[in-house]
2 protein chains.
Amino acid sequence: MTYCVGMVLEKGLVLMSDTRTNSGVDNISTFRKMFHWTVPGERIITVMSAGNLATTQAVVSQLEERTKAPDDRENSLLGMPTMFTVATEIGRLLRDTIDERQKANGNSGRNRFTASIIVAGQIAGMEPRLFYVYPEGNFIEASLDTPFFQIGELKYGRPIIIRGYDRTMSFEDAIKLLMVSFDSTLKANLSVGLPLDLMVIEKDGFAPSHTNRITAEDEYFQSISSSWGDALRSAFHSLPDYQIKD
Amino acid sequence: MTYCVGMVLEKGLVLMSDTRTNSGVDNISTFRKMFHWTVPGERIITVMSAGNLATTQAVVSQLEERTKAPDDRENSLLGMPTMFTVATEIGRLLRDTIDERQKANGNSGRNRFTASIIVAGQIAGMEPRLFYVYPEGNFIEASLDTPFFQIGELKYGRPIIIRGYDRTMSFEDAIKLLMVSFDSTLKANLSVGLPLDLMVIEKDGFAPSHTNRITAEDEYFQSISSSWGDALRSAFHSLPDYQIKD
């Protein structure tokens with residue numbers, strides 16, 4: 001499993017992903033699920049992935065390969081004119097990768113090689129954008145109504161994001177919100193694990209304005225994890241009491 | 001879908017269930033999922049069910065039928081010597097009901113008729129007990145380590161129960177906790193719906209000491225639902241702030 005969240009704020013984009021991969025509970029590893037490409041001052045494109053690791057690594061490796069051929073920038077994320085064309089190309093690549101693997105396995109592996117990708121970024125002259133790319137290759141874009149996307153194990157950490165999200169919030173508050181959401185998820189699902197990768201993309205910065213890898217030793221994450229329990233209990237006790245009338 | 005929670009406290013048992021059933025999103029209905037049988041002063045047995053409605057209704061109807069034959073109490077929940085035998089019998093009945101339906105459909109409906117049941121209650125001379133009965137007919141019992149069971153759509157409402165539960169809490173606090181957990185779930189999953197059924201079984205009471213059907217018009221539930229958002233935001237802001245150092 002996996003847990004990744006991408007969030008649109010007025011000030012830019014905030015992204016967080018875990019790093020656990022597992023094939024059963026007796027075979028777990030740590031793999032980065034967040035990757036980015038930049039042309040300083042012109043564009044930044046970040047992807048986060050959930051699903052079959054061989055599939056998502058194949059997609060990311062192909063995207064990476066293409067940026068290495070400087071004469072053929074059209075085919076590369078670094079040469080595409082808009083974030084829409086970037087999402088379209090990543091969708092095509094994702095679907096083709098899944099299809100190829102399924103065909104090679106006589107379609108017996110249907111749903112086995114599936115994956116989803118969050119695409120976030122900005123190209124100069126346009127707004128920051130956030131997309132959710134489905135295994136079928138099509139995608140949706142975040143909007144004022146739905147300003148964040150989650151992939152993987154999304155349910156445990158969703159209620160706090162629904163209640164806490166505010167488009168005008170600071171990057172610091174958004175990071176705090178994501179830490180709480182990830183902490184709730186980590187406590188409930190063994191297949192989501194530390195360390196976490198964090199990236200802030202400030203609007204018109206065209207580079208990661210802040211990144212962090214949050215390990216089990218991270219003091220801030222530890223303080224959130226330990227104080228959130230107390231804060232929740234205080235919140236709970238501040239609610240009106242139920243009256244048993246019978 | 002469904003959401004039901006059964007909880008063991010020092011003072012007794014607290015149970016809550018929703019009432020929504022759906023076959024697709026365009027065919028929703030309201031059905032009670034909590035049923036109980038009592039012998040005043042001697043025993044109370046309550047079940048809550050999740051899964052295929054025809055299956056769970058068949059099980060409950062058969063349990064009900066048996067209590068109507070006063071000369072044959074051995075076969076009835078009202079005549080069984082312990083809660084363990086009650087859970088065993090409900091498990092047998094559940095598995096047989098699922099098996100029968102699957103065989104009648106040439107096993108093509110495998111997993112289609114599945115269901116799970118929470119069994120809670122107390123028989124005089126013994127402690128209150130709580131069981132989770134699987135579709136296979138076997139079951140587990142709540143313990144000090146795992147003092148509550150959830151069935152159905154459990155993920156959204158789980159983090160708050162993990163953080164808020166305390167074995168020594170009052171019935172009023174436990175009800176408040178369940179209201180918050182159900183509110184988070186209702187906000188996230190359309191297939192869990194109001195009204196909610198609530199039952200408190202005080203230890204050695206051998207009757208429901210409090211019951212309530214919580215509708216959309218319930219003022220207490222409305223106040224929890226509206227104030228929980230504010231309380232959560234206050235809790236969130238009470239946490240230490242993240243420092244962006246780059």
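For clarity, every value in this text was computed on a predicted model and none was experimentally measured. Just so it is clear: chains get the letters A, B, ... in the order the sequence lines come, proteins before strands, and each one is counted from 1.
Between the side chains of B:K187 and B:S225, at least one donor N or O sits under 3.5 Å from an acceptor N or O. In this structure, a donor-acceptor pair under 3.5 Å is absent between the side chains of A:K11 and A:S170. A donor-acceptor contact closer than 3.5 angstrom links the side chains of A:S191 and A:N189.
Both the backbone and the side chain of B:F236 come within less than 4.5 Å of a heavy atom in chain A. With a 4.5 angstrom heavy-atom cutoff, A:Y220 touches chain B only via side-chain atoms. No part of B:S234 comes within reach of chain A, as not one of its non-hydrogen atoms sits under 4.5 angstrom from that chain. With a 4.5 angstrom heavy-atom cutoff, B:I175 touches chain A only via side-chain atoms. For a residue to count as touching a neighbouring chain, one of its non-hydrogen atoms must lie under 4.5 Å from one of that chain's; by this rule B:L178 does not touch chain A.
Ranked by heavy-atom pairs under 4.5 Å with chain B, the list A:E172, A:Q243, A:R163 is led by A:R163. Chain A forms more heavy-atom pairs under 4.5 Å with one residue of B:L239, B:N212, B:I224, B:I162 than with any other, namely B:L239. Comparing B:M179, B:R158, B:E153 by heavy-atom pairs within less than 4.5 Å of chain A, the highest count is held by B:E153. In terms of non-hydrogen atom pairs under 4.5 Å with chain A, the most contact-rich of B:I160, B:L154, B:L232 is B:L232.
Looking at every heavy atom in both residues, A:V47 comes nearest to A:W37 through CG2-CZ3, 3.9 Å.
In terms of modelled atom types and a separation under 3.5 Å, the side chain of A:T38 and the main chain of A:P40 share no donor-acceptor contact.
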Practice item. Before giving the answer on side-chain contact (heavy atoms from CB on, under 4.5 Å), spell out for A:R20 and A:Y3 the whole-Å C-alpha distance, their side-chain angles and the decisive distance to 0.1 Å. Key: CA-CA 9 Å; A:R20 180 153 296 170; A:Y3 183 38; over 6 Å; no
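B:D166 meets the salt bridge (charged side-chain N to carboxylate O under 4.0 Å, His left out) test with no other residue; sequence neighbours excluded.
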